[in-house]
Amino acid sequence: MNVNVNATTCLSQKKKILAYMREGKGITQLTASRKFGCYRLSARIAEIKKGLEGTDEQVISEYVKDPKIHKKWKEYKIIKTN
């Protein structure tokens with residue numbers, strides 16, 4: 001079994017990311033690392049998705065493309081389902 005020695009940090013990051021997304025903002029890996037020191041955004045998103053089960057909120061993801069540099073990355077947002 002995997003034991004997370006940084007459980008407190010992960011919980012704090014998850015709360016901050018969830019609050020940020022509930023403000024209507026999308027989050028990318030770059031934003032997560034710069035604002036919250038989170039380098040495993042997909043893990044935090046998985047935890048957030050699990051926590052939102054049975055609520056009227058849902059995490060969605062979409063690819064955002066920057067036409068200037070021809071790069072794309074995933075952005076996560078929370079939407080209301082009702």
Side-chain angles (χ1 to χ4, degrees):
M1 183 167 140
N2 241 347
V3 177
N4 187 351
V5 295
N6 297 318
T8 306
T9 303
C10 294
L11 182 60
S12 177
Q13 287 175 346
K14 183 177 95 170
K15 286 180 180 180
K16 290 175 185 176
I17 291 168
L18 182 58
Y20 183 82
M21 292 172 65
R22 281 186 169 153
E23 291 175 359
K25 300 175 184 173
I27 191 163
T28 64
Q29 180 60 57
L30 183 62
T31 306
S33 62
R34 286 184 176 172
K35 283 190 166 285
F36 309 114
C38 176
Y39 297 98
R40 296 192 60 227
L41 179 60
S42 60
R44 301 295 82 80
I45 293 296
E47 294 167 356
I48 290 169
K49 282 182 179 181
K50 189 174 182 181
L52 292 178
E53 288 177 358
T55 68
D56 65 341
E57 294 178 313
Q58 179 182 357
V59 176
I60 61 165
S61 63
E62 60 188 16
Y63 282 100
V64 178
K65 188 174 182 180
D66 187 336
K68 294 177 189 173
I69 58 175
H70 305 289
K71 297 277 185 179
K72 66 179 182 178
W73 53 90
K74 205 175 251 191
E75 181 179 58
Y76 299 94
K77 295 180 182 181
I78 289 182
I79 60 167
K80 298 275 186 184
T81 55
N82 290 335

Peer 1: If the threshold is 4.0 Å, N to carboxylate O, is there a salt bridge linking Glu57 and Lys80?
Peer 2: yes
Peer 1: What is the minimum heavy-atom distance between Ser33 and Leu30, and which atoms define it?
Peer 2: OG-O, 3.0 Å
Peer 1: Distance from Phe36 atom CZ to Lys15 atom NZ, nearest 0.5 Å?
Peer 2: 14.0 Å
Peer 1: How many angstroms lie between CD1 in Ile45 and NZ in Lys50, if you round to the nearest 0.5 Å?
Peer 2: 15.5 Å
Peer 1: I need the Thr28 OG1 to Lys35 NZ distance, nearest 0.5 Å.
Peer 2: 10.5 Å
Peer 1: State whether the side chain of Thr81 and the backbone N or O of Asp56 hold a donor-acceptor pair below 3.5 Å, judged by distance alone.
Peer 2: yes
Peer 1: Minimum heavy-atom separation for Gly26 and Tyr20, please, with both atom names.
Peer 2: O-CE2, 3.5 Å
Peer 1: Would you sort out whether Thr31 and Lys25 count as a side chain to side chain contact (heavy atoms under 4.5 Å, CB included), showing the intermediate values?
Peer 2: CA-CA 11 Å; Thr31 306; Lys25 300 175 184 173; over 6 Å; no
Peer 1: For Glu47, is there an ion pair with Arg44 - N to carboxylate O distance below 4.0 angstrom?
Peer 2: yes
Peer 1: Is Lys77 close to Glu62 at the side-chain level, that is, under 4.5 Å between some pair of heavy atoms?
Peer 2: yes
Peer 1: Verify, without hydrogens or angle tests, whether Gln29 (side chain) and Cys38 (backbone) share a donor-acceptor contact under 3.5 angstrom.
Peer 2: yes
Peer 1: For Ile48 and Tyr76, run side chain to side chain contact (heavy atoms under 4.5 Å, CB included): C-alpha distance rounded to whole Å, both residues' side-chain angles, the deciding distance at 0.1 Å, then the answer.
Peer 2: CA-CA 11 Å; Ile48 290 169; Tyr76 299 94; over 6 Å; no
Peer 1: Minimum heavy-atom separation for Ile27 to Leu41, with atom names?
Peer 2: O-CD2, 4.2 Å
